[in-house]
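Below is one structure, written out as structure tokens; the observations come after it.
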Amino acid sequence: MTLAEYEHMKKVCDYVFSAPPNSAERERRLAQISEKDNERLWDFYSGLCSGRIKRPESQTKKSEVCDMEQKKKIENYEDFKKALTKSSCYQTLVELKQSSPDRYKYYQERLEKEKAR
């Protein structure tokens, strides 16, 4: 479950279950939500209660900032390989591709040769 899906279902859950149990207000709120949300609501609620569903981690943690951010560029092939393994380094890879397409292509080819071995 992505963060956006979690946030959406959390809003639906809070909306429905903030009404008193076994009341006409709760029935009205259940009738107002979409059929898809209604199907997913019980699974989401029981998952929260049981601990099976937890709030997903944010996609960009401050502790997971790209290592190359301090240098602001990829200086060698090892930096390139490290950047590929971290989603937080995507922008740094895009900048390398735009600023030095030949070097980016060389690194890609070298990586493919390593994988082929």
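Treat the numbers as computed from the prediction; the structure is a model and nothing was measured.
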Exercise. Any sub-3.5 Å donor-acceptor pair from R52's side-chain atoms to D43's backbone N or O?
Worked result: yes
For this session: Please round to the nearest 0.5 Å and tell me the distance separating atom CZ of F44 and atom CD of E5.
Result: 10.5 Å
Exercise. Which distance, rounded to the nearest 0.5 Å, do you find between the CD of E7 and the NZ of K10?
Worked result: 9.0 Å
Exercise. Q108 versus F80: any side-chain heavy-atom pair under 4.5 Å?
Worked result: yes
Exercise. So how far is it from T92 OG1 to K97 NZ, rounded to the nearest 0.5 Å?
Worked result: 14.5 Å
Exercise. What's the spacing between D79 CG and L93 CG if we round to 0.5 Å?
Worked result: 10.5 Å
Problem set entry | 4.5 Å side-chain heavy-atom contact, L96 and Y107 | yes
For this session: Mark yes when over 12 heavy atoms from residues, nucleotides or ligands other than E114 sit less than 6.0 Å from its CD; otherwise mark no.
Result: yes
For this session: Can you see which heavy atom on L48 is nearest to which on I53, and at what distance?
Result: CD2-O, 3.7 Å
For this session: Write down the atom of K81, the atom of L111, and the distance for their closest heavy-atom approach.
Result: CG-CD1, 4.2 Å
Exercise. Which distance, rounded to the nearest 0.5 Å, do you find between the SG of C13 and the OH of Y6?
Worked result: 9.0 Å
For this session: With rounding to the nearest 0.5 Å, note down the distance linking CD1 in I33 to CD in E35.
Result: 10.5 Å
For residues 22-30, tabulate all N or O donor-acceptor pairs below 3.5 Å that involve a side-chain atom, not counting sequence neighbours.
residue, atom, partner, partner atom, Å
S23, OG, P20, O, 2.6
S23, OG, R26, N, 3.2
E25, OE1, R28, NE, 3.4
E25, OE1, R28, NH2, 3.2
E25, OE2, R28, NH2, 2.5
E25, OE2, R29, NE, 2.9
E25, OE2, R29, NH2, 3.3
R26, NE, A19, O, 3.4
R26, NH2, F17, O, 3.4
R26, NH2, A19, O, 2.9
R28, NH1, Q32, OE1, 3.4
R29, NH1, Y15, O, 2.6
R29, NH1, S18, OG, 2.6

